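Down below is the structure, laid out as structure tokens.
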2 protein chains.
Amino acid sequence: MRADARRNVEGIRQAALDVFRTGGLTTPLDEVAKAAGVSKGTIYHRFGSRTGLINAVVEELVAERIAGIIEAVDALDGPPLLRFEEYLLRTWLLQYDEPAANDVLMRVLPESEPLTELFWRACQFGSRLLYEAQAAGVVRADITPDDLVYLILERGVIARACDQQTRDDYRRRLDFVLRGLRTFRM
Amino acid sequence: MRADARRNVEGIRQAALDVFRTGGLTTPLDEVAKAAGVSKGTIYHRFGSRTGLINAVVEELVAERIAGIIEAVDALDGPPLLRFEEYLLRTWLLQYDEPAANDVLMRVLPESEPLTELFWRACQFGSRLLYEAQAAGVVRADITPDDLVYLILERGVIARACDQQTRDDYRRRLDFVLRGLRTFRM
DNA sequence: ACATTACTTGACGGCATGGTCAAGAAGTTA
DNA sequence: TAACTTCTTGACCATGCCGTCAAGTAATGT
């Protein structure tokens, strides 16, 4: 690989991290190209496709955020309800704060393996917490893991579409949703 | 107005009712044109713009559905919680069933007066029910009319984006949301 | 039947995006 | 430095939508 090519690959990765971070994974590649100071063609030449580029940055871009939440909540020792709700809350806020992470959780690119993998890790951890909370009788028993996936997907769609609402309002409204998942008399 | 023109106007209205009903208010006008057996140009010539066409059909297309819900719930004599929840439930289901009605409730065309008017009627009735339910102490006191608007907007976004989910699943999940709005010990 | 006027058409330009590739630019090597 | 190879470019095609308008078509009145 020639020196300029290596330089460009790195530049494109950095630009992609930057641009995707704020605009999500569906940002036009021209913007990445402009930010990297190269032309769109170079990106395709180097990474094959949009998915190729995403796979090359997803680890640094999103994986650690999601892993961070999982670890943090896993380390939390509190009652099952707290752990369950804390996980949902953090995930939902991540979806608001980071369009790219949201795209992963919304399965915007189903054809990307790393993204699918990430998504499943998040789901499975959520299911575990759900199960524990239900076993403790603090969360409605009729909620399924599928419902959980939908709760996250829903919030993703909302975070994307309702971008006029402030973070505080978004946050406050999450409480309503959490309340709806608890068993009565909480 | 010439006879053929009158025929076309009516044909276009019917086609628009049909096409918008299933596809929502943002369906490409070419589809309406094809359904009406005329060309796109004729629609623009006759109705001026997409908004013009929508205004010409919205009454028949959506107004009565929304008015129907308001009347039905208004006529319902039950406790405030039931009325409040019944209204939300019916509205949310309407959003699932009728993309066009959903577009109205989501304010997809803010520049259309008839649509804005409709939207506000729905909101105001909802606010009234909310107020009554809160006065009775059965719904969380910290929910504002704005929150209500958002709850409807949210469901709209979801109904649009998550169209894989069956109506039954959608319906079942609405219960979670309703539960979250109640005061404790319900 | 013909002139007049109303009406319709569909090709067109515009915009935004995705992805491709021949031609030219620039490192690399001897 | 000259030949060779790699790399980059941006114009290009394709898609899908909006809205327009000159040119063609057809109803109407006398």
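Any value given below was found using the heavy atoms of this structure, including those in side chains, with hydrogens, waters and symmetry copies removed. All of these numbers come straight from a predicted model, not from anything done at the bench.
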For this session: Report yes or no: does B:Tyr87 contribute a side-chain atom to a donor-acceptor pair with the main-chain N or O of B:Ala122 at less than 3.5 Å?
Result: yes
Problem set entry | Rounded distance in Å - NZ (B:Lys34) to C1' (C:dT8) | 19 Å
For this session: Check the distance between C:dG18's C1' and A:Ile54's CD1 and give it to me in whole angstrom.
Result: 13 Å
Problem set entry | Nucleotide of C:dG10, C:dT28, D:dC7 approaching A:Ala5 most closely (side-chain heavy atoms) | D:dC7
Problem set entry | Side-chain N or O of B:Arg50 closer than 4.0 Å to phosphate OP1/OP2 of D:dC18 | yes
Problem set entry | Modelled atom types, side-chain donor and acceptor of B:Gln165 and B:Arg173, under 3.5 Å | yes
Exercise. CG of B:Asp77: more than 12 outside heavy atoms within 6.0 angstrom?
Worked result: no
Exercise. Rounding to a whole Å, what distance do you find between A:Arg7:CZ and C:dA25:P?
Worked result: 18 Å
Exercise. Would B:Val38 and B:Arg7 count as a side-chain contact (heavy atoms from CB on, under 4.5 Å) if you check the C-alpha gap in whole Å, the side-chain angles of each, and the deciding distance to 0.1 Å?
Worked result: CA-CA 11 Å; B:Val38 300; B:Arg7 235 183 300 124; over 6 Å; no
Exercise. Which of the following nucleotides, D:dT28, D:dG19, D:dT5, is nearest to the side chain of B:Arg2?
Worked result: D:dT28
For this session: Name the orientation class of the two ring planes belonging to A:Tyr96 and A:Tyr170 (parallel below 30°, tilted from 30 to 60°, perpendicular beyond 60°).
Result: tilted
Problem set entry | Gap between atoms CG and P, on B:Leu53 and D:dC18 respectively (whole Å) | 12 Å
Exercise. Looking at B:Glu60 and B:Arg21, what are the two nearest heavy atoms and their distance?
Worked result: O-NH2, 4.1 Å
Exercise. Of the candidate nucleotides C:dC7, D:dC17, C:dG18, which contains the atom at the shortest distance from the side chain of A:Pro28?
Worked result: C:dG18
Problem set entry | Distance-only donor-acceptor test (3.5 Å): side chain B:Lys40, base C:dG10 | no
Exercise. Judged by modelled atom types alone, do A:Ser112 and A:Asn55 share a side-chain donor-acceptor pair under 3.5 Å?
Worked result: yes
Exercise. Separation of B:Asp30 atom CG from C:dT8 atom P, in whole Å?
Worked result: 17 Å
Problem set entry | Interatomic distance where CG belongs to A:Asn8 and P belongs to C:dG27 [whole Å] | 10 Å
Exercise. Which residues, if any, of residues 41-49 of chain A bring a heavy atom under 4.0 Å of DNA chain D?
Worked result: A:Gly41, A:Thr42, A:His45, A:Arg46
For this session: Could you check how far CE of A:Met1 sits from C1' of D:dT8, rounded to whole Å?
Result: 13 Å
